[in-house]
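A quick write-up on the structure given underneath.
Along the sequence shown, residues carry numbers from 1. In this text, all values refer to a predicted model and were calculated from it rather than measured experimentally.
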Amino acid sequence: MIVVFPVAAGFFIFFLPHRGNKVTRGYTKYICVLELLLMTYAFCYHFELDDPLIQLAEDYKWIDFFGFYWRLGIDGLSLGPILLTGFITTLATLAAWPVTRNSRLFYFLMLAMYSGQIGSFASRDLLLFFIMWELELIPVYLLLSAWGGKKRLYSATKFILYTAGGSVFLLIGVLGIGLYGSNEPTLNLEILANRSYPVALEILFYIGFLIAFAVKSPIIPLHTWLPDTHGEAHYSTCMLLAGILLKMGAYGLVRINMELLPHAHSLFSPWLIIVGTMQIIYAALTSPGQRNLKKRIAYSSVSHMGFIIIGIGSITDTGLSGAILQIISHGFISAALFFLAGTSYDRIRHGYLEEMGGLAIPIPKIFTLFSILSMASLALPGMSGFVAELIVFFGIITSQKYFLIAKILITFVMAIGMILTPIYSLSMLRQMFYGYKLFNGVNSYFFDSGPRELFVLISILLPVLGIGIYPDFVLSLSVDKVEAILSNFFIENFHE
C-alpha cells in the first residue's frame, strides 16, 4: 500500500477539473498527508523496534518465468529514510505552490518520485531495488527539463547521463550477484547476505556497486552533475534531490556494499575514508567560489556527504550509527536551505550572490530562519548536524582497524573541514542579508515569509532541534540493525 499508493493516486490527477491549479494542489497535498499518516500508523503499531530482522514483509511472485518477486520489508536501517521521505515530500509539495505551468504533470511526477524513493528503501529484492532506483530518474529529468532555470536542458542531460551511466554498473552488479554460483538464480537480499564469493569476484561486484552509488551520493570525482542540477532545478525539486535522492546512494552503500560484500568492504574502507576526507575539504573550499546561491548550498551538501562516507568506512558501531544519523539530519537541513534559497529568489528574482545584499531589513523572518538553519548546517551544538558529525568522529577514533597515526591525521583533516564550513556559510549570509545594497525601483517592497512558508520551515526546524537535543530518538531505530551488519565483519576476521 505504502509504496504503490502515491503513484496510483497520481494517475487520477489527470482526470481532475481544470480550475486553475487549486484542485490539483489540494489533491496532491491530501495524498501526501494520507501517505504520511499511513506510514506513521504502520510504524507505530506494527513495528517492533528491538527486532533487528525484517518486518512488515511482503513476498509475492511477480514474473514466474525467471522467479522475480515483489519483496518488500522494513528494518531499522530503512525506517529512518522512509519516514524522512514522507516528511520531506509532503513539505516539498507544499513548497511547490507557486508552480502554475502544467501543474498536473508537475505534481504527478512528484508523486511518482515519492513511490520510487519509498520502494527503493523498502525493497528486499535486488532487481526490485534496481527498478525502483530507475523509476526515480525519469521524473527528476522531466522536472528539471520542464521547470528548471535558463540552463535547464544542459543540466537535465548531464543528470541523466551521469545517473543512467551509474545505473548500468548497478544492473551488471545485480545480475552478477543474482546469477552467481547456484543453478537456481536468486535476488533475495536475505539469502544473498549469507553467501560468500571468491575475493576477486567480490571486489569486482563491490566496484560496480560503488560506482553506481558514488554517482548518486555524490562521491568525488563523480559529483559534478549535482551543483548544475541544483543550480537549475525548481526549489521543490531541489528539496527532494538534496533531502532524499542523495541519501539513496548512501543507503545503497550500507545495504548492499556493507551487508552483501563484507570482505571487499573491509579492503576498500580505508579508501572510502580517504575519499570522504578529501571530499569534505574539497567541497568546502569550492563552495565560497560559487556565485550562484543554490550552487553554493549544493557544494556544502557534497561536503557534508563526506561525513557519511567516513562513517560507513570506519566499520564501527559508532561510525555507522553516526552516518545513518547524518543521512537523516542532512536530509532535513539541506531541504530547508534549498527551500529558503528558492523563496528568497521568488522575492527578489536574483540568483547570484553579488546581486544581493541588505535583505535582512525587508524580509526579517526569512533572514532569521536562514541564519538559524545555516547554523544547523555548520554543526552548531544543539542542532542535529553537530551530533551526527561528532558521532562519526568518535567512530573513527574508536575504530580498531586503523593505526593511531592514520586516525589522528584523518580527524585533523575532518576538523579542518568543520572549520571551513562556517566560513562559506557565514559569508553567504553576509553577502545576502547585510550591507546596504537595498533594491530600488519596482520591487523595493517585498512580502516577508507567508504562513505556508513559515509552516514548511518550522516543520523542518523542529526535528533538527529535536534530534540535536535528543539524538537517541533516531539512533534507537537502527541500533540493532547496525550491530547485526557489523557482526559480519568481526566473525569473518576471526575465521581468517
*Sequence neighbours excluded, which residues qualify as side chain to side chain contact (heavy atoms under 4.5 Å, CB included) partners of Leu462?*
Ile458

*Determine which pairs satisfy salt bridge (charged side-chain N to carboxylate O under 4.0 Å, His left out) with at least one residue from residues 254-264, sequence neighbours left out, and list them in order.*
Asp75-Arg255, Arg255-Glu259, Glu259-Lys481

_Can you tell me how the ring of His265 sits relative to the ring of Tyr206, calling it parallel under 30°, perpendicular over 60° and tilted otherwise?_
tilted

Kindly list each side-chain donor-acceptor pair under 3.5 angstrom involving residues 129-142, sequence neighbours excluded, with atom names and distances?
residue	atom	partner	partner atom	Å
Glu134	OE2	Ser167	OG	2.6
Glu136	OE2	Gln117	NE2	2.9

For residues 25-34, dump all side-chain donor-acceptor pairs below 3.5 Å to protein atoms at least two apart in sequence or in another chain.
residue	atom	partner	partner atom	Å
Arg25	NH1	Trp97	O	3.3
Tyr27	OH	Ala9	O	2.8
Thr28	OG1	Thr24	O	2.7

*asked:* Could you work out, with side chain to side chain contact (heavy atoms under 4.5 Å, CB included) as the rule, every residue matching Ile172, not counting sequence neighbours?
replied: Val168

*Taking the six-membered ring where the residue is Trp, are the ring centres of Phe209 and Phe169 under 6.0 Å apart?*
no

*Listed partners of Tyr162 passing side chain to side chain contact (heavy atoms under 4.5 Å, CB included), at least two apart*: Lys158, Val215, Thr224, Trp225

*Using the test side chain to side chain contact (heavy atoms under 4.5 Å, CB included), find all partners of Tyr470 that sit at least two apart in sequence or belong to another chain.*
Asp472, Phe473

*Go through the structure and list residues passing side chain to side chain donor-acceptor pair (under 3.5 Å) with Ser236, not counting sequence neighbours.*
His234

*In chain order, what residues pass the side chain to side chain donor-acceptor pair (under 3.5 Å) check against Ser301, with sequence neighbours excluded?*
His330

Under 3.5 Å donor-acceptor pairs involving side-chain atoms of residues 1-8, not counting sequence neighbours:
none

*asked:* Please determine whether the number of non-hydrogen atoms from other residues, nucleotides or ligands lying under 6.0 Å from atom CZ of Phe14 exceeds 12.
replied: yes

_ring pair (Phe, Tyr, Trp, His ring centres under 6.0 Å) against Tyr107, all qualifying residues, sequence neighbours excluded_ = none

_Set of residues satisfying ring pair (Phe, Tyr, Trp, His ring centres under 6.0 Å) with respect to Tyr299, sequence neighbours excluded_ = none

